[in-house]
Structure formats: C-alpha cells, structure tokens
Amino acid sequence: MHSEVNPWSSNQTVDVDRLFAEFGIEPISEVARRLPEVPSFMRRGIVVGHRDYNLVADAIQKRTPFHVLTGFMPSGLPHLGHLMVMKEVVWHVRQGGNGYVAVADREAHAVRGISWEKCREYGKEYLKALYALGFEGTTYYQSKNERLKDLAFEASTKVNFSEMSAIYGFGPDTSLSHAVSVITQVADILFPQLDAGPAPTVVPVGLDQDPHIRLTRDVAYKLRLFTVEDRGDHISVRSKNAPEAALEAVHRAFPGSKKYAGHVDVTGLPQEQVEDAVRKIEIAHGGFGFYLPSSTYHIFMPGLQGGKMSSSVPESLFGFYEPDKSVRKKVMGAMTGGRMTLEEQQRLGGEPDACSVYLLNLFHMLEDDVELADLRRRCESGELTCGQCKKETYERVQAFLVELRDKMDSVEHLAEEV
C-alpha cells in the first residue's frame, strides 16, 4: 500500500500527525534546543519535524563537516512558497555546511513536460533568488551532471518497481522517465557525499517530499558494504556484500579484534571511532560509505486566498518580478482572519492563525520576533483592523521585493555560469 503522499501534487493536504506517527518523523523542538542558534523558522513552528537531525546538530555544535542539499523543479517561476527552503539552506551554509542545490530539470521534463529550454529559463530564476539570499556552494542542473547520472544508475540497482509502486503508487501507465527522475533525486540527495566526502547531510523539504527521503535512506543503507553494530560489550563490523579483502582490512585496522566469517568484533573503542575507520576502508575498496541522509520538514505557507500556494492558482501568490500594482491588489485582496463587521473585530479581535496576511508576515516579512508578537497582539485585541494590517504588510512586501530584485539582478552572472 503506497503512502498516499504525492510529491508532484500541486493541490493536496498532508495530515501532519498521521505522517509523523506512520513514518517516524520526529518533532524538531527537542533537537532544536541543542543548536547554538535557533533559527526563526524553527522558533516560529514553520519547520516542525526531522529525521536524524541530531547528526547535523552535532556537526554544527562541534564545527565538523556536514552537507545541506535541496532541489527545485523548474516548472514555473519561483515564488514565496519556495523561499522557506532557500532560507533553510542558506542558514545551514552559514552554520558551516557545504551547500548543494540541484535544479531538477529532468524531473520537470519527465513529470510536467517542460521543455529543456524552459527548464533552463526557470532554473536560472531559482538560482538568482538563491544567490540573492546569500547562498554559497555548488549548484547544478541534473541533465548536465554526469557524475550524478552515474550515481543514479548505481542507486537504481537497489530499487525495483514494486518498491516504486508501494512508495509512489506507480502503475502500468507510469512512464519510465518518471521513474528515472525519482532515482535521479535519490542521487541528488547522496551526491554531496560523493562530491565532498561522506558526512551528515540534511535535506530541508516540505512534508509532501518525505517519500523521496525514505527511499534515499533505504538506498544509502543498501549501498553500504558494512554495518557497524553496538553489541554492548563489543562493536561488531558486519559484512553485507564487502569483498574479503575489505573485511581483512577492517581486522588489521583494529589490533586485538577478532575476525569471524562475515564479521569482525572490536572491543575497547567507541562506536563512532569504529564507524569512521570502517567508512574509510569501505571507500578504499570501491564502496561509498554513505551516511543515511537527515531531513527537516516544514509546513506549507498558505496561499493568499487560503488553501495551498500554487502556481496554478495565480491569486494565491505573487512572483518576485510581478508588477507592484498586481502585488498590491493580491495583498489587499488576501483572505484574513478578521470578523464579519468592524464592531465584532474591535470587540472579539482577529484570528491571526487563520489569516494569510499574518502568516505572510510570520513566514517572511517580519524578521523581528518582538514586532511579530506585537502584530499578533494588536490583531487579537481588536486594535488593528484588517485593512490597516494589509496596508502595513504591503509596505513590507514592497520593500522586500525591491531589495530582492536588486540582489537578484546583481547575481545574475552567477546563475548564468551554472
């Protein structure tokens, strides 16, 4: 039975509680407290869950290597709905992560039928926005990355069509190119470790993208030559499909260890130290030594008219280069959490959590938590009318877009070089 979460749907709702319970996603709050700096997207409840983010939090704390990767499907122009992932990637880069961003043109071509020319045109706009927000690192188009394609082929040896059907609901009518685009995304997630060496890797995604994370973690595990298991009084390094020479190298690497058929037992050393040494031996004998990728999950920013923000619903969003008149019309016409009459608004106050204008400020337009708290207070007390809130918000949006456009124009040459 497949997960019923479709990564390619532009009009779906995701049951957060069910997804957490059924697929083992953990709340982010506890691990976030370990970070030297808790970013606003975690403080404000935008990023709500994670898989194995402890590995990345440890790397941030210890200033040890880690990677951050995400991808964007260039099926249209970037908009507000894409900004959160971009900000998450930039923040992790600033915490010391090696940044990687894939332009998923193979996916756009296979799933949406977008021409290669349009993929390039849209992809450039995503990259401009990323660089404008301060991204530093590696960017690439899937179709141009030969090492990625080789990794995707290797990954495909660990996946069969029954698994594809179980995870994505693929059937007899699913095109082979769609399946290829999925395995290419698996390779995207693993590519930083191939390119810059094995290290914890975080992939910030929306909850609807979790099927890709689950599949990639499974493939990463299957591609390992060894497992390293804590057996209490010893660490057992167990061969999955490692050559005998690699198992012998593990035995030699740990003086005093005991070698058996298919495994080596090590005493007196911490598991992490054994894992690091085994990973190096694995790579020296033709393996990959991948860490299972970690992930963070953010909720969707609602559209300006409620529901999901989607390019297929123009009124739900505005583009970065959209004319000011059009942007103003959309903000001023946005759905709010206000009451039916002014008298009710003043007496009962508004409902910010049901207001697309307030959420626009929460996600992007108010960086200062004190200012955001004051906006919420004024709304809930009835002091602030919806019309005034929209005017104030539009002023912030206008200033934000002017600055973003200027920055995007100034980094256009970086996007052209990819």
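Owing to the predicted nature of the structure, the values given are computational and were not obtained by experimental measurement. The residues of the chain are indexed from 1 along the displayed sequence.
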> Where do Met86 and Val89 land on the side-chain contact (heavy atoms from CB on, under 4.5 Å) test, with the steps shown first?
Replying inline: CA-CA 5 Å; Met86 293 181 182; Val89 171; 5.9 Å; no

> Going through the distances and angles, do Leu366 and Leu362 end up as a side-chain contact (heavy atoms from CB on, under 4.5 Å)?
Replying inline: CA-CA 6 Å; Leu366 272 177; Leu362 180 140; over 6 Å; no

>> Please evaluate residues Leu401 and Val397 with respect to the criterion side-chain contact (heavy atoms from CB on, under 4.5 Å), reporting the C-alpha separation (whole Å), side-chain torsions for both, the decisive distance (0.1 Å), and the verdict.
In response: CA-CA 6 Å; Leu401 288 177; Val397 169; 3.9 Å; yes

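Salt-bridge formation is detected for the pair Arg217/Asp52: a Lys NZ or Arg NE/NH1/NH2 atom is positioned less than 4.0 Å from an Asp or Glu carboxylate oxygen. At a threshold of 4.0 Å, the pair Glu315-Lys330 does not count as salt-bridged, since none of the basic side-chain nitrogens sits closer than that to a carboxylate oxygen. Comment: Lys390 does not engage Glu395 in a salt bridge, judged by the lack of any side-chain N to carboxylate O separation of less than 4.0 angstrom. Ion pairing between a basic and an acidic side chain is recognised when a charged N comes within 4.0 Å of a carboxylate O; Arg328 and Asp324 show no such pairing. Salt bridge status for Arg377 with Asp374: present, with a side-chain N to carboxylate O gap under 4.0 Å. A salt bridge is defined here as a Lys NZ or Arg NE, NH1 or NH2 lying under 4.0 Å from an Asp or Glu carboxylate O, and Glu282 with Arg279 fails to meet this definition. In this structure, Asp276 does not pair ionically with Lys280, as no charged nitrogen and carboxylate oxygen lie closer than 4.0 Å.
Of the listed residues (Val56, Asn98, Thr201, Val202), just one forms a side-chain contact (heavy atoms from CB on, under 4.5 Å) with Val68, and that residue is Val202.
With 3.5 Å as the limit, one finds a donor-acceptor pair spanning the side chains of Asp265 and His263. Between Arg51 and Tyr297, the side chains place a donor N or O and an acceptor N or O closer than 3.5 Å (distance only, hydrogens not considered). Side-chain contact annotation: Ser115 with Glu117, donor-acceptor N/O pair under 3.5 Å absent. Of the N and O atoms on the side chains of Asp195 and Tyr100, at least one donor lies less than 3.5 Å from an acceptor on the other residue. Thr139 and Tyr131 share a donor-acceptor pair across their side chains, judged by distance under 3.5 Å alone. A donor-acceptor pair shorter than 3.5 Å cannot be found between the side chains of Glu107 and Thr184.
Closest of all the heavy-atom pairs between Ala220 and Pro293 is CB-CD, 4.2 Å. In terms of heavy-atom proximity, Val38 sits nearest to Arg43 at O-NH1, 2.6 Å. Annotation for Pro198 and Ile283: closest pair CG-CD1, 3.5 Å, computed over non-hydrogen atoms.
In this structure a side-chain-to-backbone donor-acceptor pair under 3.5 Å is missing from Glu26 to His50. Panel note: side chain Ser410, backbone Lys407; a donor-acceptor pair is recorded below 3.5 Å. Under a 3.5 Å cut-off, the side chain of Glu121 and the backbone N or O of Lys118 do not form any donor-acceptor pair.
Centroid-to-centroid, the aromatic rings of Tyr260 and His251 stay 6.0 Å apart or farther. When ring centroids are compared, Tyr126 and His82 come within the 6.0 Å threshold. If you look at His178 and Phe170, their ring centroids are closer than 6.0 Å.
Listed by first then second residue, pairs satisfying side chain to side chain donor-acceptor pair (under 3.5 Å) with a partner in residues 151-161 read Asn160-Ser162, not counting sequence neighbours.
For the pair Lys240 and Tyr221, the cation-pi test (distance below 6.0 Å, angle within 45°) is passed. Both tests hold for Lys308 against Phe300: distance to the six-membered ring centre under 6.0 Å, angle to the ring axis within 45°. Annotation: cation-pi geometry not satisfied between Arg224 and Phe290 (NZ/CZ under 6.0 angstrom from ring centroid, within 45° of ring axis).
Relative ring orientation between His92 and Tyr53 is described as perpendicular, the plane-to-plane angle rising above 60° on a 0-90° scale split at 30° and 60°.
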